[in-house]
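Working notes, beginning with the structure itself.
Below, chain A is the first sequence line, B the second, and so on; all start at residue 1.
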Amino acid sequence: ASMPLPEVSHKRVVLLFDCDCFYAQCEMLEHPEWRKKPLAIKQKYLVVTCNYVARKSGVRKLQSLEDAKLRCPDLIIVDGSDLTKYRAVSMRVFNVLKRFGGAAAKHERLGMDEVFVDVTRAAEEDREDEPRLMGHLFQPDPAAVRAARTLRAELNFREAPAADAKAEQSDSGSEDGDWVRDYRETASPDDAKAALADEQLCDCGCQKRLARASKIAAEARMALFKEIGLTVSCGVSTSKMLAKIAAGLNKPNKQTTLLPQHALALVHALPTRVIPGLGFGVASALRELHPPVFTCADLAREGVRPLERLLRATLKSPPAGLAKDLWQRSLACDTDAVKPFSG
DNA sequence: GGCTCACACT
DNA sequence: TAGTGTGAG
C-alpha cells in the first residue's frame, strides 16, 4: 500500500562470468597432471578452494585441512597464500573479456574470479531476428510460478511489461512463443512447463536481447578456454543480482539465461543471503525476528520500514537507502549499475 | 580529500 | 585466507 514499489524494467543485459574453482584451475594450468586428481588449495589450515574431482569426495571450500584429508586421503594440497600468479591469470581473464560486448560495453571485476559485463548496447544493435539461445534456460516449476504470483498479488506489485496484457493478442502474437519453444537448449520441458513459459512471455524484446547476449557469453567462454585454458560459468540476465544467481544454476563450465519474468519465481524461495549487500550479520538478525525471516519472500512481505529498524539495530551506521535497495532486491529488482574500469 | 572503522564481497 | 571495495563519520 504505502510501500514504494520497485522499478522494474528489462532494458539492461548483464553477464556474469565466474571462473570455476579459480585458484585450483590456475594450479592445474601449470600442472596438467593434476587435472584428473583431487586437488585442494590451502591457506593456513583451511581449504580455500578445490577442483571438482576433490568435490566428488566431499572436499569443500573453507573446510579444515584435517576434515578434507579424512574425506579424501589422496588429496593433493597446494599452498595458495602467494596470490601473485592468481592475480596474473585474473588480469588475463579480464583482458580477454574486455574484447566482448562492443565499444559501449562496461566491464567490472569482482574479486579475482568474477567479471560483470553490461552488454545492453551490443544486444540491442544485433541485427539477428531469431537469435539462438545458447546454453541453459532457467524454467521455473509451476508451483514456484504460482507462489510468485501470490506474492505479487499480496504486495499489489505488477511488473512493468504486463504479462496479462498479452492474453488479448494471443492469436496475432504466436511468433514469440514459437521462438522460445524452438530455440531453448535445455532438456525438453513437459507440456505444462511449455505452456507456462508461453503464458509468461514478455513483449518488451528482452527474450531476444538475452538470447543475443547468450551468444556473446558463449563466444567469450570459448575464447577464455582457447586462449587461457580456463573454464567459466556464466549467468545472462537483466541485472547483476540476477546474472549472478543465474550463473550458479549450472556449474561448472555452463551458462544459464534467466528471463526477468521468471526471476521472482526463482528468487522468492531463496535465502536472503542471495541479495547482494545483505551479508552474514543482517541475515542472522533477520532469522532472529519472530516470525523469522528466512527467504526473499519473507523479506518482501516484511516491508521497508521494519527492515530500516532492523538495520539500525544491527549495523553501526547503515548507509542511506540500504533498506529500500535490499527490499527491492527481495522482489528480484536490482538496479545496481555495472561500474566500468574497476580493474 | 583523506583517514579509520564496519561491513560485505571474492 | 588474503585481499579489495564501499559508505559513514
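In this structure, A:Gln261 and A:Gln207 approach most closely via the heavy-atom pair NE2-NE2, 2.9 Å.
Residue contacts shown for A:Ile275 are limited to sugar-phosphate atoms, with no base heavy atom under 4.0 Å away. Contacts of A:Leu322 with the nucleic acid, taken as non-hydrogen atoms under 4.0 Å apart, are absent.
You'll find that the side chain of A:Leu315 is closest to B:dC7, out of B:dC7, C:dA8, C:dG3. Checked against B:dC7, B:dA8, B:dT10, the side chain of A:Leu110 finds its nearest nucleotide in B:dT10. In the set C:dA8, C:dT6, C:dA2, C:dT6 carries the atom at the smallest distance from any side-chain atom of A:Lys339. Residue A:Arg87 places its side chain closer to C:dG3 than to any other of B:dC9, C:dT1, C:dG3. Considering only side-chain atoms of A:Arg273, the nucleotide from C:dA8, B:dC9, B:dT10 that sits closest is B:dC9. Side chain of A:Ser81, nearest nucleotide from C:dA2, B:dT10, C:dG7: C:dA2.
The nearest whole Å value for the distance from the NZ atom in A:Lys85 to the C1' atom in C:dA2 is 16 Å. Distance A:Glu108 CD to C:dT4 C1': 12 Å, rounded to the nearest Å. Protein atom CG of A:Leu286 is 15 Å distant from nucleotide atom C1' of B:dA8, rounded to whole Å. Residue A:Lys316 contributes atom NZ, which lies 14 Å from atom C1' of B:dT4 at whole-angstrom precision. With rounding to whole Å, A:Phe280 atom CZ is found 17 Å from B:dA6 atom P. Atom CG in A:Asp113 sits roughly 6 Å away from atom C1' in B:dT10 (whole-Å rounding). Look at CG on A:Leu278: it is 16 Å from C1' on C:dG7, rounded to the nearest Å. Between A:Asp18 atom CG and B:dC9 atom P there is a gap of 15 Å when expressed in whole angstrom units.
Contacts classified as salt bridge (Lys or Arg N to Asp or Glu O under 4.0 Å) and involving residues 235-249 of chain A (residues at least two apart or in different chains) are given here: A:Glu108-A:Lys240, A:Glu114-A:Lys244, A:Lys240-A:Asp336. Among residue pairs with one or both ends in residues 49-79 of chain A, none qualify as ring-ring contact (aromatic ring centres under 6.0 Å, His included); sequence neighbours excluded.
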What side-chain donor-acceptor pairs closer than 3.5 Å can you find for residues 263-279 of chain A, not counting sequence neighbours?
from	atom 1	to	atom 2	distance (Å)
A:His268	ND1	A:Leu264	O	3.1
A:His268	ND1	A:Ala265	O	3.1
A:Arg273	NE	A:Leu278	O	3.2

Which side-chain N or O atoms in residues 308-315 of chain A pair as donor and acceptor under 3.5 Å with protein atoms at least two apart or in another chain?
from	atom 1	to	atom 2	distance (Å)
A:Glu308	OE1	A:Arg305	NE	3.3
A:Thr314	OG1	A:Leu310	O	2.6

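The stretch residues 56-65 of chain A has no heavy atom under 4.0 angstrom from DNA chain C at all.
A salt bridge links A:Glu30 with A:Lys85: the closest approach of a Lys/Arg side-chain nitrogen to an acidic carboxylate oxygen falls below 4.0 angstrom.
Taking side-chain N and O atoms only, A:Lys244 has no distance below 4.0 Å to OP1 or OP2 of B:dC9.
A:Glu66 pairs by the side-chain hydrogen bond (donor to acceptor under 3.5 Å, both in side chains) definition with nothing, not counting sequence neighbours.
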